[in-house]
Amino acid sequence: MAATDFIVAIELGSTKITGLVGKKNTDGSINVLAYAKEHSSDCIKKGVIYNLDKTTQKITSVIKELENHIQAGIKKVYVGIGGLSLRGIKNTVSRQFNDDTRISQAIIDSMMKENMDFALMDYEILDVESQEYKIGNNLLTEPVGTTANNIDGNYLNIIARPSVKQNIKQCFLHSGYEIAGFVISPMATADTLLTNNEKRSGCALVDIGNDTTSVAIYKNNLLRHICVIPLGSNNITKDISSKHIEEEDAEQLKIKYASAYTEHKENEEPQESEFTVEGKYTIQARVLEDIVEARVNEILTNVFNQIKLSGYSDNLMAGIVITGGTSNMPNIDRAMNNITKFDKTRIAHTGDITNNGMAIPQNGTTNTLVGILLSGEENCCRIDPRKGHQLDFEEDKKNIQDVKEASEENKNQENIVKEEVIENVKVDEKEEEQEIIKISTPSLEEKTKECQELIRTATQHFLVRNYSSALEVLEKARLLNIESKTKEIESMEIEAKRLLDEAERVRVIKENRLAAEKQREKQRKEECDKILDEAIVCIDKGQYKEAQEKLNAAKEYNIVEENVIIEELEEKIKKSQKHKKGNIIVNLFKKVSDELFDGIK
């Protein structure tokens, strides 16, 4: 029997794109209805889409497979968003009042709005995690209703490059499926694995994936720090393959024999053993150990640096929780303890799942996907608006076939009409050559193809950030009046206008900054010129020491064109001082000569 109420989650990973269909149970667990995956290493790197067409195809393939499993149509999905540029940045917004004022929700909302308007060059705010509000010497998470004459709102803005979200939107636009909502991937993983006690006591969640490692730090039930490190288990595989081993075989060596930490007893002689993969490649155990541990130490050292940067390294009472595919590597917890010196380290492979016999991996690789599904609220089933209930999957297929048959019938009818027009054309008998004018209008299929081509062109304009040209092309596509493409065109037009407005806002910010910089340079030059004028006056008066002090002060401004003048004035001071010394000697000699002559006389 086809499902009628479910949530769909999609994770765009560097190794594979995965999809999950399920229902949330009252106890907080999920009931998995379907699971599907497609390899994505040829279109996604470091968690960021770089090939839109291939990603679109793989997303469509995953969702179609999910539909076949549940025998129902999918309208929209929840998508995880992460990748290399994802990180958290702190910001503070303050409000000052003349007298003690009751803090209302409107004040808190206005502070949040000001925070969202925080200017970021080449980044956009994906989500905001409110921290504590400082009122006097008190830190409050819920300040509404208190009174104060000032309030400071602390926020953790989760940011990423605009292309991360934009590329995901483009892929789903072309796939024909809607995005019900975006979910920050490390936060989704945390909601799946971390207990309330761990979030309250303080905990660092470390998700070591294939290309990246994400770190999310919680304290007092609030996200305090988040970042993505561009290192993962794939780096270990590449290190092994540097020993002239094929990458696939290097991956098998890593999975079968690699250990994150090996403790050797004092004065213990190393055993000379070897590891072999299918009789093709052989590597010494000690060499493999050194390669793996070196890279693991690098990854975990970067993780520890992020924990220290967060400022909470001494306040994580619940320690560290490790997940992701690399959490299956033997002794990864001991390696973490060795690097961080933390007492508590927990390996988390899976959350609370009821899978109904579905083969869903429970090795730490699907925790983010489960978290994305848990964050969903809307029913993702495609509903028939005419009947008010779930659109039957088989019926939908039949409707599509009916539409195709109707289209073919219309096309045949058009051909018949064209033939009748040709037969009824009147030709002037006096003309030497008979000319038949064939009136042909584009068919629905041709117009749809043309519309699709225009949409593809608009997408290319999106990729090079030429949003004005994209809007012009989309206008042409809209005028074709293809009903099946109307919603897609409207969505792209809205996105293009938003990005155009954002680009204009960034341009204005840049211009303002440039103008302010020019104004500062002008002011500095004027100040430097004033000091040089004063130095010239001192030189003319013979006050060379004061003049040199003025020139030294002018040097501090480090203005290239002024430095040339400074050098000329310093040379002038040297010559003037030399000339002055010469005059003193001449005058002294003359005075001595006069006195000697008077004595002789």
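No side-chain heavy atom of H174 sits under 4.5 Å from any side-chain heavy atom of L52. Contact check for E378 versus Y78: side-chain heavy atoms found under the 4.5 Å cut-off. Here the side chains of V48 and S85 are not in contact, with every heavy-atom distance at 4.5 Å or above.
By the 6.0 Å contact criterion, CD on Q105 is enclosed, its count of non-hydrogen atoms from other residues, nucleotides or ligands being greater than 12. Heavy atoms of other residues, nucleotides or ligands lying less than 6.0 angstrom from CG of D109 number more than 12. Other residues, nucleotides and ligands place no more than 12 heavy atoms under 6.0 Å from the CD atom of E246. Applying the 6.0 Å contact sphere to NZ of K46 captures more than 12 heavy atoms from other residues, nucleotides or ligands. Other residues, nucleotides and ligands place more than 12 heavy atoms under 6.0 Å from the CD atom of E504. Other residues, nucleotides and ligands place no more than 12 heavy atoms under 6.0 Å from the CZ atom of R456. Other residues, nucleotides and ligands contribute over 12 non-hydrogen atoms within 6.0 Å of the NZ atom of K165. At most 12 heavy atoms of other shown residues, nucleotides or ligands fall within 6.0 angstrom of atom NZ in K37.
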Hey, mind stepping through N363 and T365 against side chain to side chain donor-acceptor pair (under 3.5 Å) and telling me if it holds? CA-CA 6 Å; N363 56 5; T365 60; 2.6 Å; yes
N337 and T345: side chain to side chain donor-acceptor pair (under 3.5 Å), yes or no, with the steps? CA-CA 7 Å; N337 292 340; T345 300; 2.4 Å; yes
Verify side-chain contact (heavy atoms from CB on, under 4.5 Å) between D42 and N51, making sure each step is shown before the conclusion. CA-CA 8 Å; D42 59 344; N51 188 314; over 6 Å; no
I'd like to know whether S41 forms a side-chain contact (heavy atoms from CB on, under 4.5 Å) with T15, so could you lay out the CA-CA distance, the side-chain angles of the two residues, the decisive distance to 0.1 Å, and finally the verdict. CA-CA 5 Å; S41 56; T15 306; 5.9 Å; no
Test log, rule side-chain contact (heavy atoms from CB on, under 4.5 Å), inputs I59 and Y177: CA-CA 9 Å; I59 288 172; Y177 295 97; 5.5 Å; no
Walk me through it: do T340 and V303 pass the test side-chain contact (heavy atoms from CB on, under 4.5 Å)? CA-CA 9 Å; T340 64; V303 169; 5.9 Å; no
Intermediate values then yes/no, salt bridge (Lys or Arg N to Asp or Glu O under 4.0 Å), R498 and E502: CA-CA 6 Å; R498 186 189 71 79; E502 180 65 19; 5.2 Å; no
Chi angles and distances behind the salt bridge (Lys or Arg N to Asp or Glu O under 4.0 Å) call for E67, R382: CA-CA 11 Å; E67 287 180 327; R382 184 162 66 243; 3.7 Å; yes
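Residues satisfying the salt bridge (charged side-chain N to carboxylate O under 4.0 Å, His left out) criterion with E488, sequence neighbours excluded, are K485. Shown here are the side chain to side chain contact (heavy atoms under 4.5 Å, CB included) partners of N154, two or more places apart in sequence or in another chain: T92, Q131. Contacts of I347 classified as side chain to side chain contact (heavy atoms under 4.5 Å, CB included), with partners at least two apart in sequence or in another chain: I322, S327, I332, D333, H349. With sequence neighbours excluded, the residues satisfying side chain to side chain contact (heavy atoms under 4.5 Å, CB included) with K510 are M121, V506. Qualifying salt bridge (charged side-chain N to carboxylate O under 4.0 Å, His left out) partners for E178, counting only residues two or more places apart in sequence or in other chains: K487. Residues passing the side chain to side chain contact (heavy atoms under 4.5 Å, CB included) test with L139 are E132, K134, sequence neighbours excluded.
Side chain to side chain, E11 and S185 fail the donor-acceptor criterion of an N or O pair below 3.5 Å. Inspection of the S175 and T56 side chains reveals no N or O donor paired with an N or O acceptor under 3.5 Å.
The backbone N or O of R334 lies less than 3.5 Å from no partner atom in the side chain of N338, so there is not a single donor-acceptor pair. In terms of modelled atom types and a separation under 3.5 Å, the side chain of K23 and the main chain of V32 share no donor-acceptor contact. Counting only distance, with no hydrogens or angles, the side chain of N167 and the backbone of V164 share no donor-acceptor pair below 3.5 Å.
Within the model, atoms CD1 of I159 and CG of D122 stand 10.5 Å from one another, a figure rounded to the nearest 0.5 Å.
A salt bridge between E114 and R95 is present, with a side-chain N of the basic residue lying under 4.0 Å from a carboxylate O of the acidic one. Salt-bridge formation is not detected for the pair K256/D249: no Lys NZ or Arg NE/NH1/NH2 atom is positioned less than 4.0 Å from an Asp or Glu carboxylate oxygen. With respect to K497 and D501, no salt bridge is recorded, no charged nitrogen being found less than 4.0 Å from a carboxylate O. The existence of a salt bridge linking K24 and E377 is confirmed by a sub-4.0 Å separation between a basic side-chain nitrogen and an acidic carboxylate oxygen. The existence of a salt bridge linking E495 and K169 is confirmed by a sub-4.0 Å separation between a basic side-chain nitrogen and an acidic carboxylate oxygen.
Relative ring orientation between F275 and Y257 is described as parallel, the plane-to-plane angle staying below 30° on a 0-90° scale split at 30° and 60°.
With F304 as the aromatic partner, K308 meets the cation-pi criteria of under 6.0 angstrom to the ring centre and within 45 degrees of the ring axis.
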